Number of protein chains: 2
Amino acid sequence: METQNLKKAGLKVTLPRMKILQILEESETRHLTAEAIYRELLDSGEEIGLATVYRVLTQFEAAGLVSRLHFEGNQAVFELDRGGHHDHIICNQCGRVEEFLDETIEQRQRQIAKEHGYRIKDHALVLYGDCLDEDCPRRGN
Amino acid sequence: METQNLKKAGLKVTLPRMKILQILEESETRHLTAEAIYRELLDSGEEIGLATVYRVLTQFEAAGLVSRLHFEGNQAVFELDRGGHHDHIICNQCGRVEEFLDETIEQRQRQIAKEHGYRIKDHALVLYGDCLDEDCPRRGN
DNA sequence: ATAGAAATGAGAATCTTAAGCATCAGGCGG
DNA sequence: CCGCCTGATGCTTAAGATTCTCATTTCTAT
């Protein structure tokens with residue numbers, strides 16, 4: 001229930017926050033821009049301001065409820081933080097986003113950071129390619 | 001010589017282009033924002049518009065002369081393409097950028113893409129941490 | 001040198017995101 | 001259950017980054 005997540009995060013339970021959380025939870029793609037969330041809310045008849053969407057997402061991020069991802073392009077993408085760290089693979093054609101986790105890579109990253117004299121805090125790995133899904137507009141090309 | 005690179009890239013040899021290429025070649029950090037390049041040109045007495053810097057960098061990118069990197073934050077960072085692919089490790093405190101290449105990671109990436117049914121075209125890996133350099137503002141923290 | 005095409009500079013425009021501020025709503029005391 | 005207080009919201013405006021427009025200038029080939 002959204003209410004619980006919000007309270008746990010120390011955020012007052014308000015309609016906009018619940019709705020946004022709900023959209024993030026129910027999203028098919030699980031990776032949404034602020035704009036996309038905003039439009040979805042408008043479409044479903046909610047009265048909400050884009051500023052609120054950004055504000056709430058930023059608060060969610062600070063609270064650890066969502067992650068803000070910077071893929072190529074200019075818009076940030078938000079995803080609900082479901083616990084496990086993972087990296088991303090994105091189709092250049094259809095925009096599909098998939099998640100993966102590879103312990104070998106994770107390990108090598110830690111090792112590399114150490115070798116370079118860094119205390120690693122975070123990392124971002126994104127693979128870009130063309131997916132071979134039958135719905136992909138450029139399948140097989 | 002900058003002239004050669006420009007001609008090879010099929011770009012008309014102009015003063016702004018040569019100057020920008022030169023700055024990219026001689027830069028200590030090797031990772032510059034458009035703004036930084038612009039300011040450096042202004043400081044050295046050149047008359048140039050910010051729009052030109054962006055335009056030229058975009059052309060350079062299209063020509064394969066430079067790469068545009070999207071680290072955290074909103075500004076893109078440009079680096080001269082010296083041939084070899086590499087990934088980046090960035091200090092959260094001092095902004096230092098270092099490059100690395102790890103064949104194990106590269107291999108795993110190809111493997112993962114294949115397993116997920118993607119024809120991989122590109123990837124971006126950035127490690128964020130705190131460097132232990134003596135000049136780093138938060139050394140040892 | 002000269003014309004034609006392409007490049008530049010300055011400023012306006014655009015896009016994304018973050019304020020500022022007046023109004024509204026959720027949570028608590030009565 | 002009602003009303004207040006503080007924080008939340010919505011709208012508008014702003015700020016930062018990048019692109020576009022267009023008149024003017026610069027290359028390159030002749």
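Because only heavy atoms are used, hydrogens play no part in the values below, and waters and symmetry mates are left out as well, while side chains stay in. Here the structure is a predicted model, which means the values were calculated and not measured. Chain identifiers are assigned alphabetically (A, B, ...) following the order of the sequence lines, protein sequences preceding nucleic acid strands; residue numbering begins at 1 within each chain.
As rounded to whole Å, 12 Å separates atom C1' of C:dT17 from atom CD of A:E61. Distance, B:Q75 CD to C:dT17 P: 15 Å, rounded to whole Å. Atom CG in A:L32 sits roughly 17 Å away from atom C1' in C:dT16 (whole-Å rounding). Between B:H70 atom NE2 and C:dC15 atom P the separation is 18 Å, expressed in whole Å. The distance from atom CG of A:L57 to atom P of C:dA19 is 15 Å, rounded to the nearest whole Å. Rounded to whole angstrom, the span from the CE atom of B:M18 across to the P atom of C:dA7 amounts to 16 Å.
Nucleic acid contact for A:T58: sugar-phosphate only, since backbone atoms but no base atoms lie under 4.0 Å from a heavy atom of the residue. Looking at heavy-atom distances under 4.0 Å, B:A76 makes contact with sugar-phosphate atoms alone, never a base.
Heavy atoms of other residues, nucleotides or ligands lying less than 6.0 angstrom from CD of A:E115 number more than 12.
Close placement of the A:H85 and A:H123 rings is indicated, their centers lying within 6.0 Å of each other.
In terms of modelled atom types and a separation under 3.5 Å, the side chain of A:R17 and the main chain of A:L6 share no donor-acceptor contact. Judged by distance alone, with hydrogens and angles left aside, the side-chain atoms of A:T58 form a donor-acceptor pair with the main-chain N or O of A:Y54 at under 3.5 Å.
Heavy-atom minimum distance, A:A63 versus A:L11: CB-CD1, 4.5 Å.
At least one side-chain heavy atom of B:F71 sits less than 4.5 Å from a side-chain heavy atom of B:V126.
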Could you run down nucleotides 2-14 of chain D 5' to 3' and tag each one B, S or - for protein heavy-atom contact under 4.0 Å? ----BSSBBBB--

